[in-house]
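Read the structure below first, then the notes.
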Amino acid sequence: MEHSTSQVAGVGSIAILDPTSEKDNSYSWMGSLKDGGKIALVANADTSLENGIKIEFERLGSVLHVSIEVNQQKHDISNAFESIDAGEDLSFQLDIHNSEQPAHILIWESDVSSFDEDSALFNSEDDVSLEGIGSGNIWGFALSNATLSSTSVSEVKFEEE
């Protein structure tokens with residue numbers, strides 16, 4: 001994997017070994033995908049980025065394929081991302097509420113004005129039947145023919161009322 005002060009690119013994985021202190025977190029990332037490339041966020045995992053929640057973004061031409069894997073069950077959620085050109089720079093904000101059973105996952109494009117359920121591209125409570133939660137407190141990314149230019153973790157953007 002290639003890296004500079006502003007990005008990492010290529011093939012490989014990055015585990016952030018500074019554990020998150022909360023079960024519920026918001027993750028952001030910006031990057032790009034070559035045709036056939038993938039970026040996967042893995043959250044609430046162990047140090048080998050296993051036993052967590054994996055959200056994978058894959059480019060096939062201009063189409064963005066997205067899937068979520070929890071407890072070795074994979075769900076295709078690509079239909080929620082049909083309006084996005086996978087050949088452009090990508091930027092997402094993802095809330096993972098791992099304290100809920102099953103985990104509640106919301107995904108927005110990073111430039112939305114309000115991080116609520118109505119503006120989410122994907123809301124696991126509405127769009128897919130997930131089972132289980134991640135079992136750890138480590139997060140990171142797996143890259144394949146992709147460039148990751150920015151990432152962060154923060155408090156969740158969406159709070160249940």
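Every heavy atom of this structure was used, including side-chain atoms; hydrogens, water molecules and symmetry mates were not. Note that this is a predicted model, so its numbers are computed, not measured.
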Approximate separation, where rounding is to 0.5 Å, of [X] [atom1] and [Y] [atom2]:
X: Glu56; Y: Lys74; atom1: CD; atom2: NZ; result: 5.0 Å
X: Trp139; Y: Thr151; atom1: CH2; atom2: OG1; result: 4.0 Å
X: Phe141; Y: Leu49; atom1: CZ; atom2: CG; result: 10.0 Å
X: Lys38; Y: Leu143; atom1: NZ; atom2: CG; result: 12.0 Å
X: Lys54; Y: Ser67; atom1: NZ; atom2: OG; result: 7.0 Å

Considering only heavy atoms from C-beta outward, does the side chain of [X] approach that of [Y] to under 4.5 Å?
X: Leu90; Y: Trp29; value: yes
X: Val11; Y: Asn145; value: yes
X: Phe122; Y: Ile68; value: yes
X: Tyr27; Y: Thr20; value: yes
X: Phe92; Y: Leu121; value: yes

What are the two closest non-hydrogen atoms of [X] and [Y], and how far apart are they?
X: Gly61; Y: Ala86; result: O-CB, 4.3 Å
X: Asn71; Y: Gly132; result: ND2-CA, 3.1 Å
X: Ser32; Y: Ile39; result: O-CD1, 4.1 Å
X: Gln93; Y: Ser110; result: N-OG, 3.6 Å
X: Glu131; Y: Val70; result: O-CG1, 3.3 Å

Honestly curious: do [X] and [Y] fall in one hydrophobic cluster under the side-chain, below-4.5 Å linking rule?
X: Ile138; Y: Val153; result: no
X: Leu33; Y: Ile77; result: yes
X: Val156; Y: Ile133; result: no
X: Met30; Y: Phe115; result: no
X: Leu41; Y: Ile14; result: yes

* Just by distance, do the side chain of Asp85 and the backbone of Gly87 share a donor-acceptor pair under 3.5 Å? ->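 It does hold such a pair.
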* Do side-chain atoms of Ser135 reach the backbone of Asn51 as a donor and acceptor pair under 3.5 angstrom? ->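 Side chain of Ser135 to backbone of Asn51: a pair is present.
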Could you pull out all donor-acceptor pairs under 3.5 Å where a side-chain atom in residues 95-108 meets a protein atom, sequence neighbours excluded?
from, atom 1, to, atom 2, distance (Å)
Asp95, OD1, Ser26, OG, 2.7
Asp95, OD1, Lys157, N, 3.0
Asp95, OD2, His97, NE2, 3.4
Asp95, OD2, Lys157, N, 3.0
Asp95, OD2, Phe158, N, 2.8
His97, NE2, Phe158, O, 3.4
Asn98, OD1, Gly134, N, 2.8
Asn98, ND2, Gly134, O, 3.0
Ser99, OG, Asp24, OD1, 3.0
Ser99, OG, Asp24, OD2, 2.8
His104, ND1, Glu160, OE2, 3.2
His104, NE2, Asn123, OD1, 2.7
Trp108, NE1, Asp116, O, 2.9

* **CD (Gln73) with more than 12 external heavy atoms under 6.0 Å** =>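 Result for CD/Gln73: enclosed.
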* Asked: Partners of Ser154 by side-chain hydrogen bond (donor to acceptor under 3.5 Å, both in side chains), sequence neighbours excluded?
  ->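 Once residues adjacent in sequence are excluded, Ser154 has no partner under the side-chain hydrogen bond (donor to acceptor under 3.5 Å, both in side chains) criterion.
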